[in-house]
Amino acid sequence: MKIPMSEPDVGAAERAAVDEVLRGTTLALGPKLERFEQRVATYVGARHAAGVSSGTAGLHLGMLAAGVRPGDVVVTTPFSFIASANCALYVGARPVFVDVEPVALTLDAERLERTVRRLLRRGERVRAIVPVHVFGQAADMDPIMAVARRHGLAVIEDACEAIGTEYRGRPAGTLGDAAVFAFYPNKQMTTGEGGMLVTDRPAWDRLFRSLRNQGRDDSGTWLEHVRLGYNYRLDELSAALGAVQIERLDELLARRAQVAAWYAERLGRLPGVTLPATA
């Protein structure tokens with residue numbers, strides 16, 4: 001028997017939403033994207049949300065908004081998908097890894113403080129921290145943010161696996177300067193490919209929207225490019241799918257929780273097995 005790690009849960013409502021786009025004439029930067037962005041922002045409690053082509057693209061733009069430059073250092077965790085380190089390399093920076101704490105397997109705040117101090121004493125230009133909410137487990141953000149404030153560092157949350165996660169009653173993705181959610185088919189919800197940048201900073205939101213759209217100005221005027229940008233747009237088909245999925249997210253999370261409970265109940269019977277702890 002072959003059991004997949006996960007598979008997308010797509011129903012009739014999602015298919016109808018995608019078909020509606022196909023029967024129209026707008027396939028990019030249209031009303032479905034705006035609706036999806038509004039629904040994600042509302043769900044997580046962020047002021048702004050900007051759809052992008054992937055979580056990886058969102059992390060790249062987060063580095064640019066944080067002002068990370070060649071030769072800078074970005075501190076993150078090695079227990080993650082490779083994109084949380086690659087985003088630093090994309091802008092010529094160097095990722096430095098800090099080990100995880102043993103409960104949630106997320107960035108250890110005490111080790112983080114020691115590492116940042118050591119790097120600064122050596123004259124390194126530490127610019128940003130990328131904590132990862134791995135497998136939906138929230139990193140311990142209060143002490144991480146305290147480290148960032150003490151040393152003047154930007155915090156870009158890699159929340160690609162954590163939409164719907166809460167940290168001490170606050171939604172993951174609203175704790176740093178910006179955060180990125182991802183919607184690959186193995187995530188809590190899917191758009192096929194796609195991601196979402198969220199932030200409470202209006203200037204960062206405007207920058208994200210320009211950078212994802214080839215560096216166009218705020219109005220998106222054709223052939224008016226004010227900075228180096230990228231083709232990181234999220235298309236209308238993906239956005240239509242996502243706008244339905246976000247409305248079903250609590251249901252999808254409950255189903256995942258049930259599966260996790262089945263695994264925990266059965267694996268917990270085995271001698272010598274220590275189950276992962278919930279943060």
Side-chain angles (χ1 to χ4, degrees), residues 1-15 17 36-46 49 51 54-55 58 77 79-81 83-84 100-108 131-142 144 157-176 179-198 238 241-279:
M1 178 184 297
K2 184 177 181 180
I3 301 175
M5 180 179 70
S6 66
E7 57 187 16
D9 185 332
V10 175
E14 287 90 339
R15 288 190 287 271
F36 184 32
E37 290 170 339
Q38 290 166 359
R39 287 182 178 178
V40 170
T42 298
Y43 187 90
V44 304
S54 68
T77 165
F79 189 60
S80 177
F81 187 62
S84 54
V100 298
E101 48 80 24
V103 176
L105 305 179
T106 57
L107 190 65
D108 186 299
V132 180
H133 306 307
V134 66
F135 302 136
Q137 295 267 54
D140 194 1
M141 290 299 295
D142 283 347
I144 289 172
E157 295 174 72
D158 183 338
C160 289
E161 297 178 346
I163 192 166
T165 293
E166 288 192 347
Y167 171 77
R168 298 184 179 181
R170 291 166 285 163
T174 62
L175 307 167
V180 184
F181 299 109
F183 308 121
Y184 191 71
N186 66 349
K187 299 297 192 290
Q188 290 93 336
M189 55 169 282
T190 188
T191 58
E193 289 277 7
M196 189 73 70
L197 277 154
V198 297
S238 299
L241 177 57
V244 177
Q245 287 264 291
I246 189 71
E247 294 287 284
R248 296 182 55 213
L249 184 55
D250 290 343
E251 167 203 344
L252 298 174
L253 292 173
R255 290 186 181 186
R256 284 188 170 230
Q258 178 63 75
V259 172
W262 288 333
Y263 274 107
E265 193 274 328
R266 286 159 176 79
L267 292 173
R269 303 173 188 169
L270 300 179
V273 172
T274 300
L275 297 176
T278 301

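Predicted model, so just to flag it, every value in this text is computed and none were measured. Heads up: numbering here begins at 1 and tracks the sequence.
Distance alone, capped at 3.5 Å, is enough to place a donor-acceptor pair between the T165 side chain and the G136 backbone. The closest donor-acceptor contact from the side chain of Q188 to the backbone of E161 lies under 3.5 Å. For E101 (side chain) and D108 (main-chain N/O), no donor-acceptor pair under 3.5 Å exists by modelled atom type. Here the side chain of E14 pairs no donor or acceptor atom with the backbone of L241 at under 3.5 angstrom. In this structure, E193 contributes its side chain and S54 its backbone to no donor-acceptor pair below 3.5 Å. Put simply, the side chain of S84 gets close to the backbone of F81: a donor and an acceptor are under 3.5 Å apart.
Between I246 and T42, the closest side-chain pair of non-hydrogen atoms is not below 4.5 Å. Using a 4.5 Å heavy-atom threshold, the side chains of Q245 and T191 count as separate. The shortest distance between side-chain heavy atoms of E247 and R39 falls below 4.5 Å. Taking the side chain as every heavy atom from C-beta outward, D158 and S80 approach each other to under 4.5 Å. Within the 4.5 Å cutoff, the side chain of D140 has heavy atoms near those of the R168 side chain. Side-chain atoms of V100 and T106, non-hydrogen and from C-beta on, never get closer than 4.5 Å to each other.
Of all heavy-atom pairs spanning I144 and P131, the tightest one is CD1-CB, 4.1 Å. Closest heavy-atom contact between A49 and V198: CB-CG1, 3.9 Å. Closest heavy-atom contact between A104 and A138: CB-O, 4.4 Å. G164 and L253 get closest at one heavy-atom pair: CA-CD1, 4.0 Å. Across every non-hydrogen atom of L175 and M141, the tightest pair is CD1-CG, 3.5 Å. When every heavy atom of A172 is checked against every heavy atom of A162, the shortest pair comes out as CB-O, 4.2 Å.
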Inset, instruction - Kindly indicate, with the supporting measurements, whether the criterion side chain to side chain contact (heavy atoms under 4.5 Å, CB included) is fulfilled by E157 and H133. - result: CA-CA 8 Å; E157 295 174 72; H133 306 307; 2.8 Å; yes
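By the 6.0 Å contact criterion, OH on Y184 is open, its count of non-hydrogen atoms from other residues, nucleotides or ligands being 12 or less.
Taking the six-membered ring wherever Trp is involved, the centroid distance between the rings of F181 and Y43 does not fall below 6.0 Å.
Using cut-offs of 30° and 60° on the angle between ring planes, the pair F183 and F36 is tilted.
Taking the side chain to side chain donor-acceptor pair (under 3.5 Å) definition, one finds that T77 meets it with nothing, sequence neighbours left out.
We find that R256 and D9 are not joined by a salt bridge, their nearest charged nitrogen and carboxylate oxygen being 4.0 Å or further apart.
Side-chain atoms of T278 and Q137 include no donor-acceptor pair closer than 3.5 Å.
Note that the CE atom of M189 and the CG atom of L252 stand 8.0 Å from one another [nearest 0.5 Å].
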